[in-house]
**Q** 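Before I ask anything, here is the structure I am working with.
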Amino acid sequence: MAYRPCASTAASVSNETHLFPFISRPSLLQLRPPQRTLKFHSQKPLLSITQVSLQEHTFTTNSGDADSPDEKSSNPYVWVNPKSPRASILRKKSHDFRYATLVKVADSLDSCGSVEEDIMSVLDTLGDEIVEQDAVIVLNNMSNAEIAPLVLDYFQDRFGISGRVVLYNVTLKIYRNCKDLNGAENLFGRMLERGIKPDNVTFSTIISCARHCNLPDKAVEWFEKMPSFGCEPDDVTYSVMIDAYGRAGNVDVALSLYDRARSEKWRLDAITFSTLIRIYGTSGNFDGCLNLYEEMKAFGVRPNATVYNTLLDAMGRAKRPWQAKSIYREMVGKGVEPTWGTYAALIRAYGKARYGEDALAVYREMREKQLELTVVLYNILLSTCADVGFTDEALEIFEDMKSSGTCTPDSWTFASMITIYSCSGQVKEAEATLTEMLEAGFEPNIFVLTSLIQCYGKAGLIDDVVRTFDRLLESKITLDDRFCGCLLNVVTRAPKEELGKLTSCIEKANPNLSTVVKPLVNGVNIKGEIFKKDASELFNSISNDVKKAYCNCLIDLCVNLNQLERACELLDLGLTLEIYTDIMSRTPTQWSLNLKSLSPGTALTALHIWINDLSKAFENGEELPSLLGINTGHGKHKFSEKGLAGVFQSHLKELNAPFHEAPDKAGWFFTTKIAATTWLESRRSHDVAAA
DNA sequence: AGTTCTCTCA
């Protein structure tokens, strides 16, 4: 029969007398167990005849042990040769039973209120002959930090057991499990008062307690106290301190401890390496992660799943999904069984890098293996689907999540679903999901409203954009740069007659942005210098991660409104402020125009400037390289207007430019020096003729 | 009797 821990008070212990043959109600009342005959000795049981027979008796009656029938029916008072296998089985059984008994006592103690009598009663059931090992086992199996110190005191007061540090160390573990550093520190103080000298175990337990409490600085503080108590840190201390320093953001110290451990030839285990890899990973030193992994193998430490999981996680952070993939292959190749954490790390790595298919493959494998996904993992998958435009897949995952029975959608989930519908222009579905979200008790947040604005904007429902915007203003939600960026994006695709409605939204949302947008929309002719000054003020006021999006939108707006000069001014500013980098690059053999992540208008403007630069270089008699290339990129997002390649093909034709799409390099258009020269030549003569 | 192991974005 399985033991079910009871959660109530000590009184309930007595109701489970079938589990505690030596506990009965009278014993609780008299504070003394009546059955003195059942004694256990935790130290090597003396294999006296009575002893053995009693064990035997206990086992056959209590657990219905499947001994052979004739053994069961045999006289319990037989002598058993202490060296026989039978004796060793009995010894083990005796030990196991004693241990199980003590664990049950620990459970009962945990569920005592802090009523002294209750605690006493439970402890009394153990009898008088308690040895230190019993006390250790009881405390080691307790989890109630309020009761534990009382129990410790009782062991001392009633049985005189308290003289050794081990009892305090196991009690400290309880505080650690309860994340109660204060309690642990108090107990440490009491140890000192009682003249108990702390040892390495004491310190590593307190240190890890601090670490579990998210107080890495405290961990460091305790580590530094060690020498004053005559304790010299050992390999376990170093392992936990490497972690603590890492979490305290003190990467250098963590690594120097590693150096020290290495030079002192301490055996570092795989998990310590995984800790180190994690430290490198969180500090952004991704090559450091890989180096450490190699070093670890060179030391002959076999990587386990934890090491691989940490590495995969680091490669995810590094946005190197291909490396995650090859590490995963290596892991499987070496026969290391992937764990839940492996799949989670892969989903993160692939998801972050928009490797939609790969992320989905991992998801399917998890389903196949019946591994449960968490809300977080579902959300990552859904936002990946949103990023790459997997509408159907997202719906499937969303349904799976709802029917999983283990997790329910949260505001993040709904936000992703609304984003997905918004990107594909499914207004009705987005609105239905919004309703579902409200019904589930979530208020729309800034992310949801941003998506909705995008959704309505895409569908040309400008009045709904304005309505949503007003709703946001009424709410307590504060606008962010991303939201304003989306609003700006709506402006770039709205029909001219609707622009007024939107500019008044922008005026309320962000005055700096309004200053730049208004003259464009109203066609007011202001000086280029002033325009650039206003624009750079805007860029200085917004966060780095949206600068490119703003600049792209503004340039698109200029191009749409046929203000090419303004477009060039903005692109120029964007290059100066390093919002755009590496658009135009030159090597001795190739000059390139890199248009990846540029909006269509920005890309056209950049092409315009680049061709002008080419002409200038040609006029100045500069040597052209053997190859000239334009990279339009190939958008991973299904909704991103199929990349720029299509737009460019026709535009290049219009310009009569001799660039041709490369058959083997997606998104690239190339021309040779000879073709380029001929073309630039003809452009020049054309210009001259026009002049 | 001690350590490190599994979490989110636009």
Side-chain angles (χ1 to χ4, degrees), chain A residues 132-133 135-137 139-141 164-174 176 198-212 219 223 231 233-247 254 257-258 261 268-279 304-310 312-313 316-317 339-345 347-349 351-352 354 371-387 407 410-413 415-416 418-420 422-423 445-451 454 480-483 485-486 545-546 549 637:
Chain A
E132 182 191 82
Q133 188 62 28
V136 169
I137 293 170
L139 286 167
N140 199 31
N141 283 286
R164 286 228 304 147
V165 64
V166 55
L167 284 163
Y168 292 86
N169 289 346
V170 285
T171 311
L172 283 172
K173 269 170 63 182
I174 301 171
R176 189 203 57 198
D199 62 8
N200 276 11
V201 178
T202 315
F203 282 101
S204 59
T205 310
I206 296 177
I207 289 167
S208 81
C209 179
R211 183 218 160 289
H212 279 276
F223 173 63
C231 292
D234 59 15
D235 53 347
V236 173
T237 329
Y238 277 110
S239 285
V240 66
M241 280 317 298
I242 286 173
D243 181 58
Y245 276 121
R247 281 176 201 263
L257 285 188
Y258 165 60
L268 291 172
D269 61 3
I271 300 195
T272 302
F273 277 102
S274 121
T275 305
L276 285 157
I277 292 170
R278 198 197 55 228
I279 291 171
N304 60 16
T306 307
V307 171
Y308 283 113
N309 295 352
T310 320
L312 291 172
D313 203 58
R317 279 174 207 277
T339 65
W340 185 92
T342 314
Y343 296 118
I347 285 182
R348 278 195 299 274
K352 200 173 207 173
R354 302 188 170 186
L371 290 169
E372 270 172 18
L373 278 86
T374 59
V375 194
V376 173
L377 286 180
Y378 276 117
N379 286 347
I380 296 171
L381 284 166
L382 290 175
S383 69
T384 305
C385 286
D387 282 342
C407 53
D410 61 8
S411 63
W412 208 316
T413 317
S416 291
I418 292 170
T419 304
I420 286 162
S422 299
C423 289
N445 56 22
I446 184 72
F447 307 114
V448 169
L449 293 173
T450 305
S451 289
Q454 204 169 20
D480 62 9
D481 291 340
R482 243 192 87 70
F483 178 87
C486 272
D545 52 341
V546 297
H637 198 302

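Note that this is a predicted model, so its numbers are computed, not measured.
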**Q** Tell me whether the OP1 or OP2 atom of B:dC5 has a side-chain N or O from A:Arg278 closer than 4.0 Å.
**A**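 Checking A:Arg278 against B:dC5: at least one side-chain N or O falls below 4.0 Å of OP1 or OP2.
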**Q** Give a yes/no answer on whether the side chain of A:Lys352 brings an N or O atom under 4.0 Å of OP1 or OP2 in B:dT8.
**A** no
**Q** Take the protein atom CD1 of A:Ile420 and the nucleotide atom P of B:dC9, then report the distance between them rounded to whole Å.
**A** 16 Å
**Q** Does the base of B:dT8 carry an N or O that pairs as donor and acceptor with the side chain of A:Trp412 under 3.5 Å?
**A** yes
**Q** Let me know the distance between CD of A:Gln133 and P of B:dA1, rounded to the nearest Å.
**A**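 Taking CD of A:Gln133 and P of B:dA1, I get 6 Å after rounding.
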**Q** Does A:Arg211 put a side-chain nitrogen or oxygen below 4.0 Å from OP1 or OP2 of B:dC5?
**A** yes
**Q** Would you classify A:Thr419 as touching base, sugar-phosphate or nothing, given that sugar-phosphate means primed atoms plus P, OP1 and OP2, and contacts are heavy atoms under 4.0 Å?
**A** nothing
**Q** Provide, to the nearest angstrom, the distance between the CG atom belonging to A:Leu382 and the P atom belonging to B:dT8.
**A** 16 Å
**Q** A:Leu276 has an atom CG; how far is it from atom P of B:dC5, in whole Å?
**A**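 Rounded to whole Å, this separation is 12 Å.
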**Q** Give one of base, sugar-phosphate or nothing for A:Thr237, where a contact means two heavy atoms less than 4.0 Å apart.
**A** base
**Q** Can you sort out the partners of A:Arg482 under salt bridge (charged side-chain N to carboxylate O under 4.0 Å, His left out), two or more places apart, ordered by chain and number?
**A**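 Expected list: none.
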**Q** Would you check, one step at a time, whether the test side-chain hydrogen bond (donor to acceptor under 3.5 Å, both in side chains) holds for A:Asp234 with A:Thr237?
**A** CA-CA 5 Å; A:Asp234 59 15; A:Thr237 329; 2.6 Å; yes
**Q** Side chain of A:Thr205, base of B:dG2: donor and acceptor closer than 3.5 Å?
**A** no
**Q** With sugar-phosphate meaning primed atoms plus P, OP1 and OP2, does A:Asp313 contact a base, only sugar-phosphate, or nothing at under 4.0 Å between heavy atoms?
**A**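 The residue A:Asp313 makes no contact with any strand.
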**Q** When you check the side-chain N and O atoms of A:Thr306 and A:Asn309, is any donor under 3.5 Å from an acceptor?
**A**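 There is no such pair (donor and acceptor under 3.5 Å, judged by atom type) between the side chains of A:Thr306 and A:Asn309.
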**Q** Just so I know, are the side chains of A:Ile207 and A:Met241 near enough to count as touching, which here means a heavy-atom distance under 4.5 Å?
**A**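 A:Ile207 vs A:Met241: side chains touch.
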**Q** Rounded to the nearest angstrom, tell me the gap between atom CD1 in A:Ile446 and atom C1' in B:dC9.
**A** 14 Å
**Q** Output all residues satisfying side-chain hydrogen bond (donor to acceptor under 3.5 Å, both in side chains) with A:Asp410, sequence neighbours left out; order by chain, then residue number.
**A** A:Asn379, A:Thr413
**Q** Look at the side chain of A:Asp234 against the base of B:dG2 and say whether a donor-acceptor pair falls under 3.5 Å; ignore hydrogens and angles.
**A**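 Flag set: donor-acceptor pair detected.
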**Q** Suppose we call a contact any N or O donor and acceptor under 3.5 Å apart; does that hold for the side chain of A:Thr272 and the base of B:dT4?
**A** yes
**Q** Would you classify A:Asn200 as touching base, sugar-phosphate or nothing, given that sugar-phosphate means primed atoms plus P, OP1 and OP2, and contacts are heavy atoms under 4.0 Å?
**A** base
**Q** Of the listed nucleotides (B:dG2, B:dT4, B:dC7), which one gets closest to any side-chain atom of A:Val376?
**A** B:dC7
**Q** Just by modelled atom types, is the A:Arg211 backbone N or O under 3.5 Å from a matching donor or acceptor in the A:Ser208 side chain?
**A** no
**Q** If you only use heavy atoms from C-beta on, which nucleotide in B:dC7, B:dA1, B:dT8 is closest to the side chain of A:Asp410?
**A**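 Out of B:dC7, B:dA1, B:dT8, the nucleotide with an atom closest to A:Asp410's side chain is B:dT8.
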**Q** For B:dC9, take OP1 and OP2 only and decide whether either is under 4.0 Å from a side-chain N or O of A:Asn379.
**A**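 The answer is no; no side-chain N or O of A:Asn379 sits under 4.0 Å from OP1 or OP2.
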**Q** Could you check how far OH of A:Tyr168 sits from C1' of B:dG2, rounded to whole Å?
**A** 18 Å
**Q** To the nearest Å, give me how far apart CG (A:Asp269) and C1' (B:dG2) are.
**A** 13 Å
**Q** Could you state the CG-P distance from A:Leu312 to B:dC7, rounded to the nearest angstrom?
**A** 13 Å
**Q** Categorize A:Val236 for me: base, sugar-phosphate, or nothing, with a 4.0 angstrom heavy-atom threshold over every strand shown.
**A** base
